[in-house]
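Below is one structure; the comments refer to it alone.
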2 protein chains.
Amino acid sequence: MVKKKEDTIAIRISRALAERIIAGEIDPGAKLRQDHIAEEFGTSHVPVREAFRRLEAQGLAVSEPRRGVRVASFDLGEIREVAEMRAALEVLALRHAAPHLTKAILDEAEEATRAADKSRDVRSWEEANRRFHRLIITPCAMPRLLATIDDLHAASARFLFSTWRTEWEATTDHDHRAILAALRQGDIDNAASILARHVQRISRKPVKTASGAVRESFAIVG
Amino acid sequence: MVKKKEDTIAIRISRALAERIIAGEIDPGAKLRQDHIAEEFGTSHVPVREAFRRLEAQGLAVSEPRRGVRVASFDLGEIREVAEMRAALEVLALRHAAPHLTKAILDEAEEATRAADKSRDVRSWEEANRRFHRLIITPCAMPRLLATIDDLHAASARFLFSTWRTEWEATTDHDHRAILAALRQGDIDNAASILARHVQRISRKPVKTASGAVRESFAIVG
DNA sequence: AATCTAAATTTTATCTATAATTTATAAACC
DNA sequence: GGTTTATAAATTATAGATAAAATTTAGATT
């Protein structure tokens with residue numbers, strides 16, 4: 001969380017708010033009041049409004065003219081949507097990245113997989129998982145595609161944290177290893193098809209709501 | 001071009017600028033100066049800055065902190081990128097939309113194809129073409145996916161107008177008809193694969209530059 | 001003539017103040 | 001009691017002023 005000196009206040013605020021929304025510190029549907037946020041950050045509300053526009057673009061907030069901005073809410077349908085978009089776009093990125101993947105990159109991706117497997121909490125698992133996915137697709141050198149995928153990963157992380165806010169059980173990620181094995185053999189089709197299935201894997205877990213009732217919660221775990 | 005009363009000034013400005021950028025009225029790389037634009041629209045620069053953030057999100061402008069905003073420039077690589085992203089995402093959308101496509105929708109799409117074929121200028125061809133694509137995928141009911149595709153269509157239109165600014169020769173769109181035929185037969189796989197090839201068709205045309213030299217210009221024509 | 005430096009100008013980013021709208025509250029009415 | 005209707009409070013959106021950077025211009029120096 002480096003706050004570069006060159007960054008504008010609006011950018012810093014949007015990053016800070018994005019983190020909170022992803023971490024689930026602000027509930028879906030909650031109102032974001034520009035004056036309150038401005039006061040908290042010790043600024044005027046003008047840069048706050050610009051930060052809102054950035055969050056909107058990432059799909060983390062929704063805004064209605066003159067009626068304010070609220071944290072984007074989500075349901076199972078949107079989780080599926082994000083999973084399918086990720087599958088389509090990450091496969092596309094992987095196919096372009098594959099010819100440029102080096103042994104060094106694949107080794108680093110394997111290291112990320114090990115880090116994910118031994119993570120004791122969701123946050124570090126998510127970080128390692130994202131590192132894996134990013135490593136194998138970045139060499140595609142398609143900036144617009146990568147930016148879109150980044151936003152989808154932010155949404156995924158949000159779903160994940162909302163479901164596994166506290167507890168997390170370590171598992172061995174067989175998919176990641178299978179993808180790496182296929183890539184090492186040069187079998188791109190196989191790697192792509194495992195990846196597609198992998199990011200569409202949606203896991204469910206019973207979660208207690210504030211009222212004491214138990215509902216099913218869902219998240220992308222790939 | 002309805003300017004809804006409910007819309008905020010920032011939204012109106014971003015729409016107006018987006019149109020100009022897509023139409024090629026402002027050159028790629030040109031600086032967008034907030035005070036000048038504010039003066040032109042008779043406002044202060046605060047809503048102009050918000051409009052800039054929206055354009056940035058659509059990929060129509062790029063901004064560097066404290067150094068201003070400029071119209072996004074593009075090259076053949078980015079055109080290919082947009083084409084491939086469209087192929088991946090429109091196919092995904094079509095697969096989800098297909099079960100909900102009615103005869104009425106397909107008839108309307110066929111009408112859009114006819115309108116495209118008899119268009120005498122790029123603008124109306126683009127409008128009809130976009131209508132076709134939108135009609136067959138909208139029933140997927142995946143708002144995030146559709147929003148992303150819309151931004152890609154805006155980019156496509158920009159490439160198109162930059163190449164065929166003036167002249168345009170009417171052609172018969174066999175792909176659209178083949179897609180509709182496949183959909184009417186319920187052959188979704190076939191429709192999807194024609195669509196994927198269709199939106200990746202990039203056409204080239206020699207274009208005279210300001211200095212008198214002739215360069216090749218490219219655009220997505222699907 | 002080319003290049004470096006310093007002042008002048010332009011432009012971006014932010015703040016404070018104000019207008020316009022929406023939301024919340026309370027009184028009046030059926 | 002519940003529903004309107006007015007009034008007050010909070011909130012969003014914009015304007016105008018100011019500070020901070022970047023860019024340009026002009027002059028000095030080599």
Side-chain angles (χ1 to χ4, degrees), chain A residues 1-21 25-73, chain B residues 1-21 25-73:
Chain A
M1 240 18 58
V2 226
K3 67 165 83 169
K4 295 180 205 147
K5 188 205 153 208
E6 58 186 326
D7 280 343
T8 187
I9 292 178
I11 293 173
R12 286 210 294 271
I13 294 177
S14 85
R15 269 211 282 267
L17 291 177
E19 270 183 59
R20 285 186 206 172
I21 294 171
E25 289 165 31
I26 322 177
D27 286 329
K31 270 200 155 181
L32 296 172
R33 292 207 184 75
Q34 57 184 32
D35 281 6
H36 299 190
I37 293 166
E39 196 181 16
E40 183 197 333
F41 286 88
T43 68
S44 84
H45 65 261
V46 181
V48 175
R49 293 178 58 79
E50 281 189 49
F52 284 171
R53 297 290 88 81
R54 289 177 188 275
L55 295 174
E56 227 186 317
Q58 286 180 82
L60 294 175
V62 289
S63 129
E64 280 190 279
R66 302 188 191 278
R67 320 191 80 236
V69 174
R70 30 182 87 240
V71 175
S73 52
Chain B
M1 241 18 60
V2 225
K3 66 164 83 169
K4 296 179 204 149
K5 187 204 153 207
E6 57 187 327
D7 280 343
T8 187
I9 293 178
I11 294 174
R12 286 210 295 270
I13 294 177
S14 85
R15 269 210 283 267
L17 291 178
E19 268 181 60
R20 286 186 206 173
I21 294 172
E25 289 166 30
I26 322 177
D27 286 329
K31 270 200 156 182
L32 297 172
R33 294 209 182 74
Q34 56 185 30
D35 282 7
H36 299 190
I37 293 165
E39 196 182 14
E40 183 197 333
F41 286 87
T43 69
S44 84
H45 62 261
V46 181
V48 175
R49 292 179 60 79
E50 283 189 49
F52 285 171
R53 298 289 88 81
R54 291 177 187 276
L55 295 174
E56 227 186 318
Q58 285 179 83
L60 294 175
V62 290
S63 125
E64 280 191 280
R66 302 190 189 278
R67 319 193 77 236
V69 174
R70 31 182 88 241
V71 175
S73 51

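Naming: A, B, ... by sequence-line order, numbering from 1 per chain. Treat the numbers as computed from the prediction; the structure is a model and nothing was measured.
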### Query
Are OP1 or OP2 of C/dT12 and a side-chain N or O of A/Thr8 less than 4.0 angstrom apart?
no

From CD of A/Glu50 across to P of C/dC15 the rounded distance in Å is 11 Å

Here the distance between atom P of C/dA13 and atom CD1 of B/Ile37, to the nearest Å, is 13 Å

Check: Is A/Thr43 close to A/Ile13 at the side-chain level, that is, under 4.5 Å between some pair of heavy atoms?
Finding: yes

Here the salt bridge (Lys or Arg N to Asp or Glu O under 4.0 Å) pairs for residues 33-47 of chain B, sequence neighbours left out, are B/Arg20-B/Glu40

B/Gln34 atom CD is separated from C/dT14 atom P, nearest whole Å, by 10 Å

Closest of D/dA15, D/dA13, C/dA13 to the A/His45 side chain is D/dA13

Does A/Ile11 reach a base, just sugar-phosphate, or nothing at all? Heavy atoms under 4.0 Å. nothing

Practice problem: Would you indicate, yes or no, if C/dA13 has its OP1 or OP2 atom less than 4.0 angstrom from a side-chain nitrogen or oxygen of B/Arg67? | Solution: no

- [ ] Under 4.0 Å between any heavy atoms, over every strand shown, what does B/Ile13 touch: base, sugar-phosphate, or nothing? Just pick one.
- [x] nothing

For B/Pro28 and B/Ser73 the tightest heavy-atom approach is CB-CA, 3.7 Å

Rounded to whole Å, the NZ-C1' distance (B/Lys31 to D/dT23) equals 8 Å

Regarding the side chain of B/Arg49, the nearest nucleotide among D/dA13, C/dT12, D/dT11 is C/dT12

Rounded to whole Å, CG of A/Asp7 lies from P of C/dT12 at a distance of 18 Å

Rounded to whole Å, the CD1-P distance (A/Ile9 to D/dT18) equals 19 Å

Contact check, residues 55-64 of chain A vs DNA chain C, heavy-atom distance under 4.0 Å, returns none

- Task: For the pair B/Arg70 (side chain) and B/Gly29 (backbone), establish whether a donor and an acceptor sit closer than 3.5 Å, ignoring hydrogens and angles.
- Result: yes

Of all heavy-atom pairs linking B/Ala57 and A/Ala57, the shortest is CB-CB, 3.2 Å

Here the distance between atom P of C/dA13 and atom CZ of B/Phe52, to the nearest Å, is 9 Å

Among the nucleotides C/dT16, D/dA22, D/dA15, whichever has the atom closest to the side chain of A/Ser44 is C/dT16

When rounded to whole Å, the CZ to P distance for the pair A/Arg53 and C/dA13 reads 17 Å

When every non-hydrogen atom of B/Val62 is compared with those of B/Glu56, the smallest separation belongs to CA-CG, 4.4 Å

Closest to the 5' end of DNA chain C, once A/Gly42 and B/Asp35 are matched to their nearest nucleotides, is B/Asp35

*asked:* If you define the side chain from C-beta out and look only at heavy atoms, does anything of B/Asp7 sit under 4.5 Å from B/Arg15?
replied: yes

With the side chain defined as heavy atoms from C-beta on, A/Arg33 is closest, among C/dT12, D/dT11, D/dA13, to D/dT11

Against the side chain of B/Arg66, the closest entry in C/dT12, D/dA13, C/dT11 is C/dT12

For A/Pro65 and B/Ile11, the nearest pair of non-hydrogen atoms, with its separation, is CG-CD1, 4.0 Å

